[in-house]
Novice: 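I am attaching a structure below and will ask some questions about it afterwards.
Because the structure is predicted, anything quoted here is derived from the model rather than measured. Below, each value reflects all heavy atoms present in this structure, side chains not excepted, and no hydrogens, waters or symmetry copies. Heads up: numbering here begins at 1 and tracks the sequence.
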Amino acid sequence: MSSFFPKKKGGDAQAKSKKQGSRAFRAKKFMASALASSSTGRSTLGKLVGHDGEDLLKALVSVEAVRSGQEGGKALNVDVFKVAGKVGLLISNKVVTPEQLEDGLPPLFEAGMTLLNACNAPRGGGLHTIPQISEGISSAAEHLHDTVSAHMQEKNSAKILACSETLSDPEYLRLLLTDASLANERAEVAASIEGLLESGSMKAANENLKAEMRKRLGRLSQAMAVGDFKALTKNPETKRKFTEFLADGGGGGGAMERL
């Protein structure tokens, strides 16, 4: 059949370009995961959201560490950064838009305000608001999951709901609001939420994040253009994993466009 219908000019070039684009996107999401799994990378990402965002996450992770041990706290920390990195990558590649995520903001804002008031109340005074806080966190996470899950591998989109299940768990929230050893964390949560809600704070953090993403993706594109993938990181372990990733065909499989 192919002998009777000559190939269209430019067809091979288009296929090659599409393949390279898919490879580039897989490489970007690999680096996003590597960044979230690295303590240095998490520190860098934390700085992008400002002191308030970084301090809030540290406080929330500390609560989980008290509840389920240091490994539990570390797992929550890594998962939060992985979700943030992958969602940020979807937005920067215009796979999803910020507008698509906006419906999840009202319940998250309400949960944040309620948690702020509960943490500022005398110890245990905000227990009656736990259902409201839990519902707001869950609702926001479900909206995020429903919006991005079609563009992510199931194991990664599941982290959104896993983080939400931890942070919205009534047992977790009760511990945060009542445990005497977590007085500093309660104060930090309240102060961080107040800081994030201040006029211009979130906007500035978002602009910093966008600028950093553009810079990182620019370096990634330049390195990929000359095939210098190993120059993307100085971490020997990440280099090893990335080399294996490339040797395996860049992830391959049917989920080439899924994070």
Novice: Apply side-chain contact (heavy atoms from CB on, under 4.5 Å) to residues Lys86 and Lys159 and explain how you reach the verdict.
Specialist: CA-CA 11 Å; Lys86 291 179 184 297; Lys159 294 183 188 299; over 6 Å; no

Novice: Do His151 and Val96 come within less than 4.5 Å of each other through their side chains, counting heavy atoms only?
Specialist: yes

Novice: What closest approach, in Å, do Leu115 and Val189 show between heavy atoms, and which atom pair accounts for it?
Specialist: CD2-CG1, 3.9 Å

Novice: Can you tell me how far apart CG (Leu175) and CD (Glu185) are? Round to the nearest 0.5 Å.
Specialist: 9.5 Å

Novice: Run the side chain to side chain donor-acceptor pair (under 3.5 Å) test against Ser68 and tell me which residues pass, sequence neighbours left out.
Specialist: Glu64

Novice: Keeping Ser168 on the side-chain end and Ser164 on the backbone end, is there a donor-acceptor pair under 3.5 Å?
Specialist: yes

Novice: Over all heavy atoms of both residues, which pair between Gly53 and Leu196 is shortest? Give the atoms and the distance, please.
Specialist: N-CD2, 3.9 Å

Novice: Looking at Ser157 and Ser149, would you say the former's side chain and the latter's main chain have a donor-acceptor pair under 3.5 Å?
Specialist: no

Novice: Run the salt-bridge test on Asp169 and Arg174 with the 4.0 Å N-O cut-off and return the result as yes or no.
Specialist: no

Novice: Could you tell me whether the side chain of Thr129 and the main chain of Gly126 form a donor-acceptor pair under 3.5 Å?
Specialist: yes

Novice: How long is the straight-line distance from CG of Asp52 back to OG of Ser192, given to the nearest 0.5 Å?
Specialist: 5.5 Å

Novice: For the pair Glu188 and Asn184, evaluate side-chain contact (heavy atoms from CB on, under 4.5 Å) and give the outcome as yes or no after the intermediate values.
Specialist: CA-CA 6 Å; Glu188 198 63 69; Asn184 289 337; over 6 Å; no

Novice: Go through it in stages, so that I can follow the logic: the residues are Thr178 and Leu127, the test is side-chain contact (heavy atoms from CB on, under 4.5 Å), and I'd like the CA-CA distance, side-chain angles, deciding distance and then a yes or no.
Specialist: CA-CA 8 Å; Thr178 63; Leu127 289 177; 3.6 Å; yes

Novice: When you measure from the side chain of Glu142 to the backbone of Ser139, do you find a donor-acceptor pair of N or O atoms at a distance under 3.5 Å?
Specialist: no

Novice: In sequence, state the C-alpha distance, the side-chain angles, and the governing distance for Val95 and Leu89, and then conclude on side-chain contact (heavy atoms from CB on, under 4.5 Å).
Specialist: CA-CA 9 Å; Val95 178; Leu89 196 56; over 6 Å; no

Novice: If you round to the nearest 0.5 Å, how far is CG of Asn77 from NZ of Lys74?
Specialist: 9.5 Å

Novice: Among the clusters formed by ILVMFWY side chains lying less than 4.5 Å apart, do Leu60 and Val66 turn up in the same one?
Specialist: yes

Novice: Could you grab the distance from atom NZ of Lys58 to atom CG of Asp55, nearest 0.5 Å is fine?
Specialist: 6.0 Å

Novice: Please give me the minimum heavy-atom distance between Ala140 and Gly104, naming the atom from each residue.
Specialist: CB-O, 3.3 Å

Novice: Determine whether more than 12 heavy atoms belonging to other residues, nucleotides or ligands lie under 6.0 Å from atom CD of Glu194.
Specialist: yes

Novice: Consider only side-chain heavy atoms of I, L, V, M, F, W and Y, link residues closer than 4.5 Å, and tell whether Leu108 and Val80 are in one cluster.
Specialist: no

Novice: Distance from His145 atom NE2 to Ile160 atom CD1, nearest 0.5 Å?
Specialist: 6.0 Å

Novice: Considering only heavy atoms from C-beta outward, does the side chain of Leu101 approach that of Leu144 to under 4.5 Å?
Specialist: yes

Novice: Could you give the distance from CG (Leu176) to CZ (Arg67), rounded to the nearest 0.5 Å?
Specialist: 11.0 Å

Novice: Any side-chain donor paired with an acceptor under 3.5 Å for Thr114 and Gln132?
Specialist: yes

